[in-house]
Amino acid sequence: MKVNLFQLFAVSAVVMGMAQTLTRERVFAGLRERLGGKDTWMGYLVSCPYCASHYFAFVLVPLTGTYSIEVTVGGWVGAVLRWFLSSLLITVIAAFFRVVFWFVDETQGLVRRRQRTEEEETATRRLMRKKVEQTLPPPQHTEEPPEAPH
């Protein structure tokens, strides 16, 4: 059997995205809190992206037919082993994708933090300038004598 690399990586990316959404995004924050977050067994399953990746892979491998690991054992034991090992492979690839995603996301976060810092510094300078202008006496206008003709 020839492994379809595109499908393998595509299913791994889908697993990573689904796990990331379940475990990190605000839309599922209530579910994570109701299940106890990382303090309970069930809450940990929906709070840990690596853990959630396993469960998504276990479901998506048979649904998509992405069996990328062949085993020599036959029968139902071979079928279960093929499903289990293929799911683990997709989970591992999804973990690598998650690391790449984290670096991209963190880089974007650094850019946003740098922009926020620059905006805060500009606002602070404006406030300081305004305070200094308020404490200075108003400028005195003295008339200069007209220039004498030569």
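We're numbering straight along the sequence, starting at 1.
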Say whether Val73 and Ile69 are linked into one hydrophobic cluster, either directly or through other cluster members, by side-chain heavy-atom distances under 4.5 angstrom.
-> yes
Might you point out which heavy atoms bring Phe28 and Thr21 nearest each other, and give the distance in Å?
-> CD1-O, 3.5 Å
In short, side-chain hydrogen bond (donor to acceptor under 3.5 Å, both in side chains) pairs touching residues 51-63 with sequence neighbours left out are Ser53-Arg98
Nearest-0.5 Å distance that lies between atom CZ in Phe101 and atom CE in Met16 | 5.5 Å
Can you name the closest pair of heavy atoms from Ala57 and Pro62 and give their distance?
-> O-CD, 4.4 Å
Review item, side-chain donor-acceptor pairs of residues 117-130, under 3.5 Å, at least two apart:
| residue | atom | partner | partner atom | Å |
| --- | --- | --- | --- | --- |
| Thr117 | OG1 | Arg113 | O | 2.8 |
| Thr122 | OG1 | Glu118 | O | 2.9 |
| Thr124 | OG1 | Glu120 | O | 2.8 |

Exercise: identify the closest heavy-atom pair between Phe9 and Phe97 | O-CE1, 3.3 Å
Single-linkage hydrophobic cluster, 4.5 Å side-chain cutoff, Val61 and Phe6 together | no
Other cluster members, Val92 - Ile/Leu/Val/Met/Phe/Trp/Tyr, side-chain contacts below 4.5 Å | Phe96
Residues in ring pair (Phe, Tyr, Trp, His ring centres under 6.0 Å) contact with Phe58, at least two apart in sequence or another chain = Trp83, Phe84
Between side-chain atoms of residues 29-47 and protein atoms elsewhere (two or more places apart, or another chain), which donor-acceptor pairs fall under 3.5 Å?
| residue | atom | partner | partner atom | Å |
| --- | --- | --- | --- | --- |
| Arg32 | NH1 | Leu22 | O | 2.7 |
| Arg32 | NH1 | Glu25 | O | 3.1 |
| Arg32 | NH2 | Glu25 | O | 3.0 |
| Thr40 | OG1 | Leu35 | O | 2.3 |
| Thr40 | OG1 | Gly43 | N | 3.0 |
| Ser47 | OG | Gly43 | O | 2.8 |

Taking a hydrophobic cluster as the set of Ile, Leu, Val, Met, Phe, Trp and Tyr residues connected by side-chain heavy atoms closer than 4.5 Å, whether directly or through intermediates, do Tyr50 and Val100 fall within one such cluster?
-> no
The residue among Leu8, Asn4, Val11 that forms side-chain contact (heavy atoms from CB on, under 4.5 Å) with Ser68 is Leu8
Atom of Gln7, atom of Thr66 and distance for their closest heavy-atom approach | NE2-OG1, 2.9 Å
Show your reasoning for whether side chain to side chain contact (heavy atoms under 4.5 Å, CB included) applies to Leu60 and Ile90.
-> CA-CA 10 Å; Leu60 287 178; Ile90 285 178; over 6 Å; no
